[in-house]
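Data first, discussion second: the structure below is written as structure tokens.
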Amino acid sequence: MADTMSLDIVRADYNNPVHAAAIVGMLRAYAADPMGGGEDLPPETRRDLVQGLKKTSNAFSVLAFVDGEAAGLANCFWGFSTFAARPLVNIHDVVVSSQHRGAGIGRKLFAEIEAIARAENACKITLEVLEGNTSAKGLYASLGYGDYVLDPELGKAEFWQKRLAYD
């Protein structure tokens, strides 16, 4: 990338059509990537995504724009740590477009998320990462993230899920 690129990191406004399109576009790119499952988002998800985020009071998103084009996204959710009695931030999705990887955009997204978390006196930031996503794990480790362990003898915390089916 050229040294003259313009990089803007912004907290998304779900009512801004440019931000809404960037969120959907970046999440589609993430979903289509092997680390996101390798399939595009279904049409109903694309249609409902931003309205759903807007209705979710604990959601916030951070966008990166390079020369006015979407280049990165992090979707985050506020939670609460009962052990610290303080808020926490969970980074649910993070993506940098393939053509902009390695340019420091991920670091800038994380710096903005951390600034938001610190402004609200959050005790920690959490995220999930696939075992095989070595490049993301390298970035996260360099930023101070690591496994969640309370007692090394009991091992690392695992992230589990149960998908709910509806008629």
Side-chain angles (χ1 to χ4, degrees), residues 1-80 87-122 124-130 133-140 142-145 159 161 163-164 166:
M1 288 186 356
D3 291 335
T4 60
M5 77 168 189
S6 167
L7 174 62
D8 295 306
I9 305 293
V10 298
R11 189 164 177 175
D13 174 354
Y14 297 136
N15 293 308
N16 179 324
V18 172
H19 291 187
I23 290 166
V24 173
M26 290 305 306
L27 200 62
R28 287 183 75 187
Y30 178 38
D33 188 271
M35 293 303 167
E39 293 183 18
D40 194 2
L41 296 175
E44 59 275 8
T45 300
R46 297 191 307 255
R47 179 194 67 220
D48 298 340
L49 175 61
V50 176
Q51 286 303 312
L53 287 167
K54 190 188 307 188
K55 290 178 187 176
T56 304
S57 63
N58 64 325
F60 71 92
S61 301
V62 178
L63 288 163
F65 291 94
V66 171
D67 297 330
E69 291 190 29
L73 166 70
N75 287 318
C76 305
F77 297 89
W78 290 102
F80 186 78
L88 63 85
V89 172
N90 176 259
I91 303 171
H92 188 70
D93 306 301
V94 63
V95 60
V96 173
S97 61
S98 58
Q99 65 267 35
H100 294 294
R101 290 182 186 150
I105 292 171
R107 286 185 182 283
K108 301 261 187 192
L109 288 170
F110 275 80
E112 181 65 14
I113 293 163
E114 187 169 329
I116 292 167
R118 287 183 182 282
E120 296 297 326
N121 197 33
K124 65 181 172 179
I125 302 169
T126 65
L127 56 80
E128 302 88 42
V129 62
L130 293 174
N133 194 344
T134 55
S135 61
K137 288 170 72 173
L139 170 64
Y140 304 159
S142 76
L143 295 172
Y145 291 79
F159 185 74
Q161 71 174 3
R163 294 189 184 268
L164 302 177
Y166 296 92

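A quick note: this is a predicted structure, and the numbers were derived from the prediction, not measured. FYI, the numbering just counts along the sequence from 1. What you see below is based on every heavy atom in this structure, not just the backbone, and it leaves out hydrogens, waters and symmetry mates.
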Can you name the nearest heavy-atom pair linking Arg11 to Phe60, along with the distance?
-> NH2-CB, 3.5 Å
Enter the distance from Glu69:CD to Ser6:OG here, rounded to the nearest 0.5 Å.
-> 11.5 Å
According to the interplanar angle, ranging from 0 to 90°, do the rings of Phe77 and His92 count as parallel (below 30°), tilted (30 to 60°) or perpendicular (above 60°)?
-> perpendicular
Take atom CD of Glu128 as the centre, draw a 6.0 Å sphere, and report whether it contains more than 12 heavy atoms from other residues, nucleotides or ligands.
-> yes
Take Ile9 and Leu63 through the test side chain to side chain contact (heavy atoms under 4.5 Å, CB included) and record every step on the way to the result.
-> CA-CA 6 Å; Ile9 305 293; Leu63 288 163; over 6 Å; no
If you look at every heavy atom in Met26 and Ser97, which pair is closest and at what distance?
-> CE-N, 3.6 Å
Is any side-chain heavy atom of Ile125 closer than 4.5 Å to a side-chain heavy atom of Leu88?
-> no
Grab the two heavy atoms, one from Val96 and one from Gly106, that are nearest each other, plus how far apart they are.
-> CG2-N, 3.8 Å
Below 4.5 Å, heavy atoms only, C-beta onward: do Asn75 and Val62 meet side chain to side chain?
-> no
Kindly indicate, with the supporting measurements, whether the criterion side chain to side chain contact (heavy atoms under 4.5 Å, CB included) is fulfilled by Val94 and Phe110.
-> CA-CA 9 Å; Val94 63; Phe110 275 80; 3.9 Å; yes
Does Arg46 use its side chain to pair, donor to acceptor, with the backbone of Leu41 at less than 3.5 Å?
-> yes
Rounded distance [0.5 Å steps], CZ in Arg118 versus CD1 in Ile116 | 13.0 Å
How long is the gap from NE2 on His19 to CG on Leu73, to the nearest 0.5 Å?
-> 11.5 Å
Examine distances only and state if a side-chain atom of Tyr14 and a backbone atom of Ser61 form a donor-acceptor pair shorter than 3.5 Å.
-> yes
For Glu44, does the CD atom sit with more than 12 other heavy atoms under 6.0 Å from it, leaving out its own atoms?
-> yes
Would you give the length of the straight line joining atom CE of Met5 to atom CZ of Phe65, rounded to the nearest 0.5 angstrom?
-> 14.0 Å
Tightest non-hydrogen contact, residues Ala117 and Val89, listed as CB-CG2, 3.9 Å
